[in-house]
Trainee: 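There's a structure below that I have some questions on.
Atoms within a ligand are numbered from 1 in the order they appear, just like the ligands themselves.
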Amino acid sequence: MEEILQHSQLSIEKSQPGRRGVRFAAVTKCAADYLPAEYLRKSAPKLPEISEFETVRHFTRLSELNYCLDGEFYPLGSCTMKYNPKAYDVLSALPAFASAHPFAPESAVQGTLEMMYNLQELLKEITGLASFTLQPAAGAHGELTGIMTARAYHDARKDFKRTEVIVPDTAHGTNPATAHMAGYTVVNIKSGSDGCVDKEALKAALSDKTAAVMLTVPNTVGLFEKDVREIADMVHKAGALFYMDGANFNALIGLAKPADFGVDIMHLNLHKTFAAPHGGGGPGSGPVGAAAHVAPFLPKPTVELKDGKYTLSGKMSQSLGKMKAFYGNIAVCLRGYCYLRQFDGKTLKEIAENAVLNANYIRVALKGKFNAFFDSPCMHECVLTQNPAEMNGVHTSDIAKRLLDYGFYAPTIYFPLIVPEAMMIEPTETESKQMLDAFVAAMDKIYDEIKTNPQVVKDAPHTQCVKRIDEVSAAREPNLHW
Ligand SMILES: *Cc1c(COP(=O)(O)O)cnc(C)c1O
C-alpha cells in the first residue's frame, strides 16, 4: 500500500530526459526575436520532463487525496459546509459577469449593478438593517470594515475617548484580532456557567471608553445569547455600538432579524450561510450591514437605483472610504444572490430550523459517550467534550484522525478555547438523516475502540496517504518541493 501511494504521489519525479507533454509543429515566430537580449534566459529552465498524460494523472491523483465537501461529510464547526448548488457556479461564470472589465462604464454593467443592488436589498430584508456594503472579501474583512465603521461613527460625534472593544470569550477568534488590528484595546469578558454572556461582567467592562461590543450570535459554543436584547440596551446605554458577528447566520436566517434585537452593525458570510464555496483561502464575501444611524459611515460606493438606472454612488461624505477594489468578489455575491432568489422566506426559515435540528440530533445521539459541554439545546452546531478519565489516554485530536479512516472529515477541534478537548460539530441542513446516522455510528465505533483498543485510535489515521503531519511547521515553513 505504502509503495503504491508513493508511486502515485511522486509521479512527477519520473521525469525522463526528452519526454514532452506537447510538441508543436514548426515554430514560425519566436519571442526571442522580439525581446531585448538581456531579458532572455541564458539556459533552459529545469522543468520536469513528463508527458501530458502522466501530468494529468499526477494532478488527478493529488486531487483525490484531498477531502472535499463534494466527496465527504464535512462537519467542520463554524464553517457551515453545506451543499453549494452547481447551477450557481454556471451562472456566476457567465461571461457578462466573469469577463466584465473593472473600468467598464456603468451603462455597460447594468446587469452586475442590478444584481448587487438586489442583493443589498435582500440582505437588508433578512436582517432588518438599513444599508449594506458588499465590499468586504471575507468574514474577518467584514469585521474590520464594521469596526472601522464604528470608529467613523464615534469620530463624527467627536467622541474620541472610546478606545476599547469588548469581546466575550465565546466570540470567534477573529473578533479580538479584528479589534486589535483596528487599533483598539481588547477587553475580554468571561461567560457565565450557561455559556452565554455574563451580564455582570459586561456591566463592569462597559464604560465611556467602550467603542463597541462584538458579539458572535449564535456564539461559538453554538448557543443563542438569550439576553441579547438586554445586552443591546446595556451597550447602547454606555454610548457604544453593538456589533454582531453574523458569520453563522445559518442558524437564524428566516427566523430572526438582528435589527429587532438591537444590532447596529453586523457582517454575514456569503461563503457559509449563502451556499458559496468555502475554504481553500477564498475568495469569500463578508457583506456588512448597518442600522440607519450608522449607515452613512459604511464604505462607499454603494449601488443606488436612480431613474431606472443602477449607479455607484460615491456621495456619502461621512463614509470611511473604500475597503476593496472595484466591485468586491462579484462571483461570490452572485452565488449568494442566486441562493436568496431561489428560496422564499418560508424555505429560508426551514433551512435554519433544519440546521438546528440536525445539530441537536447529533448532540443527543452521542449523549453518554461524548457530551455537550453546555447541556442545553444548541443552534446550528454542538460543541462536545469528553471525560479524560474515561478515555484511556485518547485525545480529541486522535478521534479527529480516526474519523478520517471512517471516511469523514474531522470536526473543528480544540475550539472554542473555553471547552476542554472540544469537538465542534456543524452538520448543516443539507445532510440527510442517513448521513447523520452514519457519522454517529462512526463516533460510537470510535468510542468502543477507545474502550477496547485505544492504540488503534492513537495511531490513526491508518488509511490516509500521510500520517500525522507537523501542522505548525507545515504552515510556518512550508516545504513545497518534492
Ligand atoms: C468563519 C467565521 C469568521 C471568519 O470568516 P472568514 O471568512 O473566514 O474570514 C468570523 N466569525 C465567525 C463566527 C465565523 O464562524
Side-chain angles (χ1 to χ4, degrees), residues 69 74-82 84 123 127 133-148 165 167-182 186 191 195-197 212-225 228 242-253 258 263 265-289 323-324 328-329 331-333 335-336 352 355-356 359 378-383 411-419 422 424-428 475:
L69 182 55
Y74 214 114
L76 195 65
S78 220
C79 290
T80 315
M81 302 299 278
K82 61 159 96 173
N84 306 153
L123 297 178
T127 58
T133 172
L134 305 178
Q135 284 180 28
H141 195 207
E143 292 171 34
L144 184 67
T145 304
I147 291 301
M148 288 170 70
V165 169
V167 183
D169 59 6
T170 52
H172 195 261
T174 47
N175 291 188
T178 292
H180 178 75
M181 261 190 81
V186 180
S191 333
C196 290
V197 167
V213 175
M214 295 181 87
L215 217 58
T216 303
V217 187
N219 65 23
T220 57
V221 284
L223 303 179
F224 187 77
E225 288 291 347
V228 69
F242 177 15
Y243 184 93
M244 171 173 150
D245 180 333
N248 293 318
F249 203 58
N250 212 39
L252 302 177
I253 191 166
V263 167
I265 313 172
M266 74 177 290
H267 82 269
L268 295 163
N269 275 36
L270 298 189
H271 50 292
K272 288 183 182 170
T273 315
F274 302 87
H278 182 183
S285 180
V288 172
M323 289 299 287
K324 176 96 173 78
N329 284 335
V332 185
C333 293
R335 290 176 172 97
V356 172
C378 60
M379 297 293 284
H380 62 299
E381 61 195 359
C382 56
V383 180
T412 297
I413 56 172
Y414 298 107
F415 184 81
L417 303 175
I418 57 170
V419 177
M424 186 195 227
I425 300 170
E426 180 179 11
T428 82

Trainee: Which ligand 1 atoms does Ala138 reach within 4.0 Å, using its non-hydrogen atoms?
Mentor: 7 (O), 9 (O)
Trainee: Less than 4.0 Å is my threshold; does some heavy atom of His271 fall inside it relative to ligand 1?
Mentor: yes
Trainee: How close do Met214 and Asn175 get, counting heavy atoms only, and between which atoms?
Mentor: SD-O, 3.6 Å
Trainee: Within the 4.0 Å heavy-atom shell around Asn269, which atoms of ligand 1 are there?
Mentor: 1 (C), 5 (O), 6 (P), 7 (O)
Trainee: Numbering the atoms of ligand 1 from 1, which are under 4.0 Å from a heavy atom of Thr216?
Mentor: 13 (C)
Trainee: What is the minimum heavy-atom distance between Gln135 and Met323, and which atoms define it?
Mentor: OE1-N, 2.7 Å
Trainee: Out of Thr220, Val221, Ile413, which residue meets the side chain to side chain contact (heavy atoms under 4.5 Å, CB included) rule with Met424?
Mentor: Thr220
Trainee: Please identify which atoms of ligand 1 are closer than 4.0 Å to at least one heavy atom of Asn248.
Mentor: 13 (C), 15 (O)
Trainee: Do the ring planes of Phe274 and Phe249 sit parallel (below 30°), tilted (30 to 60°) or perpendicular (above 60°)?
Mentor: parallel
Trainee: Please work out which of Gly139, Cys79, Ala137 has its closest non-hydrogen atom nearest to atom 6 (P) of ligand 1.
Mentor: Gly139
Trainee: Are any of the N/O atoms on Ser78, whether in the backbone or the side chain, positioned under 3.5 angstrom from an N/O atom of ligand 1?
Mentor: yes
Trainee: Quick check: closest heavy atoms across Gly139 and Asn269, and the distance to 0.1 Å?
Mentor: CA-OD1, 3.2 Å
Trainee: Would you check whether Lys272 reaches within less than 4.0 Å of ligand 1, judged by its heavy atoms?
Mentor: yes
Trainee: Hey, does the side chain of Lys272 reach the backbone of Ser78 with a donor-acceptor pair shorter than 3.5 angstrom?
Mentor: yes
Trainee: May I ask you to list the atoms of ligand 1 that are less than 4.0 angstrom from any heavy atom of Glu143?
Mentor: 10 (C), 11 (N)
Trainee: Start with the C-alpha gap between Thr80 and Glu426, add the side-chain angles, then the distance that decides, and say whether side chain to side chain donor-acceptor pair (under 3.5 Å) holds.
Mentor: CA-CA 7 Å; Thr80 315; Glu426 180 179 11; 2.8 Å; yes
Trainee: If I compare all heavy atoms of His172 with all of Thr216, which pair ends up nearest, and what's the gap?
Mentor: N-OG1, 3.1 Å
Trainee: Is the closest protein non-hydrogen atom to atom 11 (N) of ligand 1 under 4.0 Å?
Mentor: yes
Trainee: With backbone taken as N, CA, C and O and side chain as the heavy atoms from C-beta onward, which portion of Asn175 lies under 4.0 Å from ligand 1: side chain, backbone, both, or neither?
Mentor: neither
Trainee: Any idea which atoms of ligand 1 are less than 4.0 Å away from a heavy-atom of Ala140?
Mentor: 4 (C), 5 (O), 6 (P), 9 (O)
